[in-house]
Amino acid sequence: MILYLDTSVLVATLTREAKTARMQRWLDDQNSELLAISDWVTTEFSSALSIKLRSGEIEPQHRADALTMFTTMSVETFSRLPISGAQFRTAARLADQHALGLRAGDALHLAICADHGATLCTLDRRLSEAGPALGVKTTLL
């Protein structure tokens, strides 16, 4: 079983947030051979840290440290699930289901998980609730 980590899990793990300690413990307890991310997670992670920097939530050095740690973990700990054009088109169809309230990035995470048979691990309640309605296993952490 592949555990696909969405960006919220990694941002909480690598920056100072209310759930940081819990996410660090959870991640430490997982079998790293089962953990996966995608290039979309990399994009969102960088964006999230830039937002935190612009809003004054983190300092430049903390951003640099978190990016370094993320890069190291991306290479040493996580497998990387490929993204295809078909997954972007699937994400568009998922986002079309307006009642689910999915943002584009969340729909793409779900499409990636659906294609790879992965369980989406997230801190986002809306995303975790949308997954099963679309046939994707989710775990709200």
Side-chain angles (χ1 to χ4, degrees), residues 1-98 100-141:
M1 169 180 58
I2 299 169
L3 299 177
Y4 177 91
L5 308 179
D6 93 330
T7 311
S8 66
V9 173
L10 295 169
V11 170
T13 300
L14 298 174
T15 64
R16 291 182 205 111
E17 293 188 353
K19 297 179 181 177
T20 296
R22 186 166 61 85
M23 287 301 92
Q24 289 173 344
R25 284 190 305 273
W26 181 84
L27 202 54
D28 284 344
D29 290 342
Q30 303 310 305
N31 178 348
S32 63
E33 293 179 9
L34 302 178
L35 301 176
I37 61 170
S38 67
D39 286 336
W40 182 242
V41 171
T42 301
T43 302
E44 279 193 325
F45 187 83
S46 290
S47 175
L49 292 187
S50 291
I51 291 167
K52 283 181 172 284
L53 182 62
R54 287 192 307 271
S55 67
E57 291 179 56
I58 60 175
E59 298 295 322
Q61 186 58 53
H62 186 213
R63 179 179 181 273
D65 292 344
L67 283 170
T68 298
M69 193 62 163
F70 175 80
T71 300
T72 300
M73 292 173 78
S74 295
V75 171
E76 296 177 0
T77 305
F78 309 132
S79 61
R80 192 169 291 269
L81 301 181
I83 304 174
S84 68
Q87 290 165 339
F88 279 96
R89 290 185 294 280
T90 297
R93 285 192 303 279
L94 298 179
D96 280 339
Q97 298 181 42
H98 61 87
L100 294 174
L102 290 174
R103 295 173 298 218
D106 292 343
L108 184 55
H109 287 306
L110 288 169
I112 293 165
C113 287
D115 254 15
H116 294 283
T119 298
L120 178 76
C121 299
T122 185
L123 293 171
D124 183 328
R125 181 171 305 282
R126 182 178 353 123
L127 181 54
S128 74
E129 291 172 353
L134 300 167
V136 177
K137 294 179 190 171
T138 62
T139 298
L140 180 64
L141 300 175

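Everything numeric here is computed off the predicted structure, so don't read it as measured data.
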(request) Under the side chain to side chain contact (heavy atoms under 4.5 Å, CB included) rule, what do L127 and T138 come out as? Steps first, then yes or no, please. (result) CA-CA 8 Å; L127 181 54; T138 62; 6.0 Å; no
(request) Nearest 0.5 Å please: distance from the CE atom of M1 over to the CG atom of N31. (result) 10.0 Å
(request) Working to the nearest 0.5 Å, report the span between OG of S32 and CE of M73. (result) 10.0 Å
(request) Without swapping roles, check the side chain of E17 against the backbone of T13 for a donor-acceptor pair under 3.5 Å. (result) no
(request) Tell me, with the steps shown, if L27 and L5 meet side chain to side chain contact (heavy atoms under 4.5 Å, CB included). (result) CA-CA 10 Å; L27 202 54; L5 308 179; 3.8 Å; yes
(request) Please round to the nearest 0.5 Å and tell me the distance separating atom OG1 of T43 and atom CG of L108. (result) 9.5 Å
(message) Any heavy-atom pair between the side chains of T90 and D115 that's under 4.5 Å?
(response) no
(request) Mark yes or no for whether T20, through its side chain, and T15, through its backbone, hold a donor-acceptor pair below 3.5 Å. (result) yes
(request) Return the minimal non-hydrogen interatomic distance between R63 and S50, and the atom names on each side. (result) NH2-OG, 3.3 Å
(request) Hey, could you give me the CD/CG distance between E129 and L102, rounded to the nearest 0.5 Å? (result) 11.0 Å
(message) What's the separation between atom CG in L14 and atom CZ in F45, rounded to the nearest 0.5 Å?
(response) 4.5 Å
(request) Answer yes or no: is there a donor N or O on one side and an acceptor on the other, between the side chain of H109 and the main chain of S38, under 3.5 Å? (result) no
(message) How about CZ on R22, more than 12 heavy atoms from neighbouring residues, nucleotides or ligands closer than 6.0 Å, or not?
(response) yes
(request) Please list, chain by chain and in numerical order, all residues satisfying side chain to side chain donor-acceptor pair (under 3.5 Å) with E57, sequence neighbours excluded. (result) K52, S55
(message) How close do R126 and G101 get, counting heavy atoms only, and between which atoms?
(response) NH1-O, 2.7 Å
(message) If the test is side-chain contact (heavy atoms from CB on, under 4.5 Å), which one of L35, D39, V41 qualifies with I37?
(response) V41
(message) Is there a side-chain contact between T42 and F70 in this structure, where contact means two heavy atoms from C-beta onward sitting under 4.5 Å apart?
(response) yes
(request) Assess the side chains of S128 and R125: does a donor N or O sit below 3.5 Å from an acceptor N or O? (result) no
(message) Suppose we screen for side chain to side chain donor-acceptor pair (under 3.5 Å). Which residues come up paired with T72, at least two apart in sequence or across chains?
(response) none
(message) Between D6 and S8, do the side chains contain a donor N or O and an acceptor N or O under 3.5 Å apart?
(response) yes
(request) Say whether R89 and S84, considering side chains only, have a donor N or O and an acceptor N or O under 3.5 Å apart. (result) no
(message) What verdict does the side chain to side chain contact (heavy atoms under 4.5 Å, CB included) test give for F78 and L10, after you've listed the backbone C-alpha separation in whole Å, the side-chain angles of each residue and the deciding distance to 0.1 Å?
(response) CA-CA 11 Å; F78 309 132; L10 295 169; 3.7 Å; yes
(request) Count the heavy atoms belonging to other residues, nucleotides or ligands that lie under 6.0 Å from CD of E59, then report whether that count exceeds 12. (result) no
(message) Working to the nearest 0.5 angstrom, can you tell me the gap between F88 CZ and W40 CH2?
(response) 7.0 Å
(message) Quick one about D65 and Q61 (side-chain donor to acceptor, distance below 3.5 Å, no hydrogens or angles considered), yes or no?
(response) yes
(message) side chain to side chain contact (heavy atoms under 4.5 Å, CB included), that's the test. Do R80 and S74 meet it? Break it down for me.
(response) CA-CA 8 Å; R80 192 169 291 269; S74 295; 3.4 Å; yes
